[in-house]
Amino acid sequence: MVDLRSVVDLSRTYQQDFYCRDTLAVARELLGALLCRQVSDGRVLYGPIVEVEAYTQDDPACHASRGLTPRCRVMFGPPGRAYVYFIYGMYHCLNVVTEPEGTPGAVLIRAVGADGTNGPGKLCREWQIDWSHNGTSLLTPGTDLWICAGTTVSGSDIVCSPRIGVSSATDRHWRFYLRGHPSVSKAPQPPVGKKRRRA
DNA sequence: GGGCCGATTGTT
DNA sequence: ACAATCGGCCCG
(Lines give C-alpha, C1' and ligand atoms only; values in the text may rest on other atoms or scores of the structure.)
Protein backbone atom coordinates (compact mmCIF):
# COMPACT_ATOMS: atom_id res chain seq x y z
CA MET A 1 0.00 0.00 0.00
CA VAL A 2 1.44 3.30 -1.11
CA ASP A 3 1.48 6.06 1.45
CA LEU A 4 -0.14 8.99 -0.30
CA ARG A 5 2.13 11.37 1.57
CA SER A 6 5.11 9.91 -0.25
CA VAL A 7 3.62 11.06 -3.54
CA VAL A 8 1.57 14.10 -2.70
CA ASP A 9 2.98 16.70 -0.34
CA LEU A 10 -0.16 17.68 1.53
CA SER A 11 1.66 20.52 3.25
CA ARG A 12 2.03 22.18 -0.12
CA THR A 13 -1.71 22.38 -0.76
CA TYR A 14 -2.40 25.70 -2.42
CA GLN A 15 -4.11 28.24 -0.20
CA GLN A 16 -6.32 31.20 -0.99
CA ASP A 17 -3.44 33.55 -1.79
CA PHE A 18 -2.48 31.32 -4.70
CA TYR A 19 -5.91 31.65 -6.28
CA CYS A 20 -6.48 35.31 -5.36
CA ARG A 21 -4.48 36.59 -8.33
CA ASP A 22 -4.69 37.32 -12.01
CA THR A 23 -6.51 34.42 -13.69
CA LEU A 24 -3.92 34.00 -16.44
CA ALA A 25 -1.11 33.69 -13.90
CA VAL A 26 -3.03 31.11 -11.91
CA ALA A 27 -3.83 29.17 -15.07
CA ARG A 28 -0.18 28.89 -16.09
CA GLU A 29 0.95 27.95 -12.59
CA LEU A 30 -1.67 25.25 -12.23
CA LEU A 31 0.13 23.26 -14.92
CA GLY A 32 2.06 20.54 -13.13
CA ALA A 33 0.11 20.97 -9.90
CA LEU A 34 -1.49 17.83 -8.47
CA LEU A 35 -5.25 17.63 -8.57
CA CYS A 36 -6.35 15.29 -5.77
CA ARG A 37 -9.77 13.74 -5.25
CA GLN A 38 -11.00 11.45 -2.55
CA VAL A 39 -13.96 9.51 -3.92
CA SER A 40 -16.82 8.14 -1.85
CA ASP A 41 -15.22 4.78 -1.13
CA GLY A 42 -12.15 6.49 0.31
CA ARG A 43 -9.78 5.98 -2.62
CA VAL A 44 -7.63 8.98 -3.45
CA LEU A 45 -7.14 9.77 -7.13
CA TYR A 46 -4.50 12.28 -8.15
CA GLY A 47 -2.54 13.46 -11.15
CA PRO A 48 -0.73 16.49 -12.54
CA ILE A 49 -2.81 19.09 -14.30
CA VAL A 50 -1.65 19.20 -17.91
CA GLU A 51 -4.22 21.37 -19.71
CA VAL A 52 -6.22 24.42 -18.56
CA GLU A 53 -8.15 27.40 -19.90
CA ALA A 54 -8.64 30.88 -18.39
CA TYR A 55 -11.94 32.78 -18.27
CA THR A 56 -12.30 36.36 -17.03
CA GLN A 57 -15.05 38.91 -16.52
CA ASP A 58 -14.37 41.01 -19.62
CA ASP A 59 -14.20 37.90 -21.77
CA PRO A 60 -17.30 37.23 -23.92
CA ALA A 61 -16.76 33.47 -23.62
CA CYS A 62 -16.93 33.61 -19.81
CA HIS A 63 -20.16 32.54 -18.11
CA ALA A 64 -19.88 35.62 -15.90
CA SER A 65 -19.39 38.11 -18.73
CA ARG A 66 -23.06 39.12 -18.68
CA GLY A 67 -23.27 39.47 -14.93
CA LEU A 68 -24.12 37.36 -11.93
CA THR A 69 -26.62 34.58 -12.57
CA PRO A 70 -27.52 31.57 -10.42
CA ARG A 71 -25.24 29.33 -12.44
CA CYS A 72 -22.07 31.42 -12.31
CA ARG A 73 -22.60 32.80 -8.81
CA VAL A 74 -19.59 31.02 -7.31
CA MET A 75 -17.28 32.69 -9.81
CA PHE A 76 -18.03 35.93 -7.96
CA GLY A 77 -17.28 34.39 -4.58
CA PRO A 78 -14.01 33.81 -2.74
CA PRO A 79 -11.07 32.37 -4.71
CA GLY A 80 -10.01 28.78 -4.12
CA ARG A 81 -13.41 27.17 -4.53
CA ALA A 82 -14.64 24.80 -7.22
CA TYR A 83 -16.95 26.10 -9.94
CA VAL A 84 -18.75 23.17 -11.58
CA TYR A 85 -21.14 23.57 -14.48
CA PHE A 86 -23.23 21.16 -16.55
CA ILE A 87 -22.87 21.21 -20.32
CA TYR A 88 -24.48 19.62 -23.37
CA GLY A 89 -26.95 17.77 -21.22
CA MET A 90 -24.41 15.17 -20.15
CA TYR A 91 -21.10 16.44 -18.81
CA HIS A 92 -19.86 18.33 -15.79
CA CYS A 93 -16.76 20.53 -16.01
CA LEU A 94 -14.48 21.56 -13.16
CA ASN A 95 -13.05 25.06 -12.71
CA VAL A 96 -11.13 26.73 -9.91
CA VAL A 97 -12.27 30.20 -8.87
CA THR A 98 -9.68 32.98 -9.12
CA GLU A 99 -9.43 36.73 -8.43
CA PRO A 100 -10.54 38.57 -5.27
CA GLU A 101 -14.09 38.05 -4.04
CA GLY A 102 -16.45 40.15 -6.15
CA THR A 103 -14.36 39.79 -9.30
CA PRO A 104 -15.37 36.74 -11.32
CA GLY A 105 -12.68 34.55 -12.82
CA ALA A 106 -11.99 30.86 -13.25
CA VAL A 107 -9.61 28.30 -14.69
CA LEU A 108 -11.13 25.30 -16.44
CA ILE A 109 -9.27 22.05 -15.71
CA ARG A 110 -9.25 20.31 -19.09
CA ALA A 111 -6.94 17.36 -18.46
CA VAL A 112 -4.92 15.57 -15.80
CA GLY A 113 -2.03 13.18 -16.39
CA ALA A 114 -3.88 10.06 -15.25
CA ASP A 115 -5.83 7.35 -17.05
CA GLY A 116 -9.17 8.43 -18.46
CA THR A 117 -8.79 12.04 -17.44
CA ASN A 118 -8.31 13.73 -20.79
CA GLY A 119 -11.00 16.24 -21.64
CA PRO A 120 -12.96 18.22 -19.03
CA GLY A 121 -16.11 16.10 -19.34
CA LYS A 122 -14.36 12.77 -19.03
CA LEU A 123 -12.24 13.98 -16.12
CA CYS A 124 -15.36 14.78 -14.12
CA ARG A 125 -17.04 11.55 -15.11
CA GLU A 126 -14.03 9.41 -14.18
CA TRP A 127 -13.38 11.24 -10.93
CA GLN A 128 -17.04 11.55 -9.95
CA ILE A 129 -17.05 15.34 -9.88
CA ASP A 130 -20.52 16.84 -10.19
CA TRP A 131 -22.97 19.45 -8.90
CA SER A 132 -22.21 18.46 -5.33
CA HIS A 133 -18.77 20.03 -5.71
CA ASN A 134 -19.99 23.39 -6.96
CA GLY A 135 -18.82 26.00 -4.47
CA THR A 136 -16.80 23.62 -2.32
CA SER A 137 -13.40 24.67 -1.01
CA LEU A 138 -10.20 23.37 -2.58
CA LEU A 139 -8.06 24.55 0.32
CA THR A 140 -8.25 21.58 2.69
CA PRO A 141 -6.04 18.57 1.93
CA GLY A 142 -7.55 15.15 2.45
CA THR A 143 -11.14 16.22 1.90
CA ASP A 144 -13.16 15.92 -1.31
CA LEU A 145 -10.96 17.85 -3.69
CA TRP A 146 -7.72 19.78 -3.29
CA ILE A 147 -4.67 20.88 -5.28
CA CYS A 148 -1.02 20.55 -4.22
CA ALA A 149 2.07 22.10 -5.72
CA GLY A 150 3.78 19.57 -7.97
CA THR A 151 6.91 19.60 -10.04
CA THR A 152 7.91 22.99 -11.39
CA VAL A 153 7.12 23.44 -15.05
CA SER A 154 9.48 25.35 -17.27
CA GLY A 155 7.87 28.13 -19.29
CA SER A 156 9.30 26.68 -22.47
CA ASP A 157 7.21 23.52 -21.92
CA ILE A 158 3.96 25.51 -21.89
CA VAL A 159 2.05 26.01 -25.12
CA CYS A 160 -0.72 28.61 -25.59
CA SER A 161 -3.59 28.33 -28.04
CA PRO A 162 -7.15 29.51 -28.56
CA ARG A 163 -9.63 27.79 -26.26
CA ILE A 164 -11.40 24.62 -27.36
CA GLY A 165 -15.03 24.97 -28.37
CA VAL A 166 -14.99 28.74 -27.98
CA SER A 167 -16.06 30.67 -31.06
CA SER A 168 -15.64 34.17 -29.64
CA ALA A 169 -12.45 35.93 -28.61
CA THR A 170 -10.32 33.51 -30.60
CA ASP A 171 -7.51 36.04 -30.44
CA ARG A 172 -7.19 35.28 -26.73
CA HIS A 173 -4.81 32.35 -26.54
CA TRP A 174 -5.88 31.41 -23.06
CA ARG A 175 -5.60 27.64 -23.31
CA PHE A 176 -2.36 26.43 -21.76
CA TYR A 177 -1.00 22.91 -21.91
CA LEU A 178 2.16 20.89 -21.43
CA ARG A 179 3.85 20.39 -24.76
CA GLY A 180 3.50 16.86 -26.09
CA HIS A 181 1.62 15.42 -23.13
CA PRO A 182 -0.59 12.48 -24.25
CA SER A 183 -3.59 13.56 -22.14
CA VAL A 184 -3.88 16.95 -23.82
CA SER A 185 -6.91 17.38 -26.08
CA LYS A 186 -6.30 17.21 -29.75
CA ALA A 187 -7.38 20.54 -31.20
CA PRO A 188 -10.13 20.24 -33.81
CA GLN A 189 -8.72 19.94 -37.30
CA PRO A 190 -9.14 23.01 -39.48
CA PRO A 191 -11.03 22.30 -42.68
CA VAL A 192 -8.76 20.85 -45.31
CA GLY A 193 -9.01 20.58 -49.06
CA LYS A 194 -11.64 23.25 -49.11
CA LYS A 195 -11.65 25.14 -52.32
CA ARG A 196 -10.68 28.71 -51.85
CA ARG A 197 -12.89 31.11 -53.69
CA ARG A 198 -10.94 32.95 -56.30
CA ALA A 199 -11.08 36.67 -56.49
C1' DG B 1 -43.56 28.97 -20.92
C1' DG B 2 -40.92 28.56 -25.40
C1' DG B 3 -36.98 28.19 -27.89
C1' DC B 4 -32.30 28.27 -28.80
C1' DC B 5 -27.61 27.34 -27.64
C1' DG B 6 -23.69 25.45 -25.32
C1' DA B 7 -16.12 26.05 -21.93
C1' DT B 8 -18.23 17.95 -24.89
C1' DT B 9 -17.61 13.56 -26.67
C1' DG B 10 -18.00 9.62 -29.56
C1' DT B 11 -19.78 7.83 -33.78
C1' DT B 12 -20.98 8.17 -38.90
C1' DA C 1 -20.69 16.10 -40.06
C1' DC C 2 -23.75 15.18 -36.42
C1' DA C 3 -26.41 13.12 -32.55
C1' DA C 4 -27.05 12.67 -27.58
C1' DT C 5 -29.41 15.30 -24.05
C1' DC C 6 -30.85 19.06 -20.74
C1' DG C 7 -29.90 23.32 -17.85
C1' DG C 8 -29.34 28.25 -18.46
C1' DC C 9 -30.75 32.33 -20.21
C1' DC C 10 -33.24 35.56 -23.00
C1' DC C 11 -37.44 36.99 -24.66
C1' DG C 12 -42.32 37.93 -24.35
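Below, read A as the first sequence line, B as the second, and so on, with proteins coming before strands; counting in each chain starts at 1.
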Polar contact flag, side-chain donor to acceptor under 3.5 angstrom, A:Glu51-A:Ser183: no

Base paired to C:dC2 (Watson-Crick or G-U; both N/O distances under 3.5 angstrom): B:dG10

SB check A:Asp58 A:Arg172 (cutoff 4.0 Å): yes

Nucleotide C:dG7, atom P - distance to CH2 of A:Trp131 in whole Å: 9 Å

Spacing of A:Leu123 atom CG relative to B:dA7 atom C1', expressed in whole Å: 14 Å

Salt bridge A:Arg21-A:Glu99, side-chain N to carboxylate O under 4.0 Å: no

Carboxylate-amine/guanidinium proximity below 4.0 Å for A:Arg163 and A:Asp59: yes

Pairwise side-chain contact, A:Arg37 with A:Glu126, heavy-atom cut-off 4.5 Å (strictly under): no

A:His63 vs B:dA7: side-chain N/O to OP1/OP2 distance below 4.0 Å: yes

Nearest-Å distance for atom pair CD/P, residues A:Glu51 and B:dT8: 10 Å

Nearest-Å distance for atom pair CD/P, residues A:Glu126 and B:dT8: 17 Å

Between A:Ser137 and A:Arg81, a side-chain donor and acceptor under 3.5 Å: no

Separation of atom CZ in A:Arg163 from atom P in B:dT8, rounded to whole Å: 11 Å

Nucleotide nearest A:Lys122 when distance is taken to its side chain, options B:dT9, C:dC10, B:dA7: B:dT9

Integer-rounded Å distance: C:dA4 P and A:Arg125 CZ: 17 Å

Sorted by number, the residues of residues 68-95 of chain A with heavy-atom contact under 4.0 Å to DNA chain C: A:Thr69, A:Pro70, A:Arg71, A:Phe86, A:Tyr88, A:Gly89, A:Met90

Length of the line joining A:Asn134:CG and B:dA7:C1', which is rounded to integer Å: 15 Å

A:Gln128 side, atom CD; A:Leu145 side, atom CG - distance, nearest 0.5 Å: 12.0 Å

Under-4.0 Å side-chain N/O to phosphate OP1/OP2 contact, A:Arg110 with B:dT8: yes

Separation of atom NZ in A:Lys186 from atom C1' in B:dT11, rounded to whole Å: 14 Å

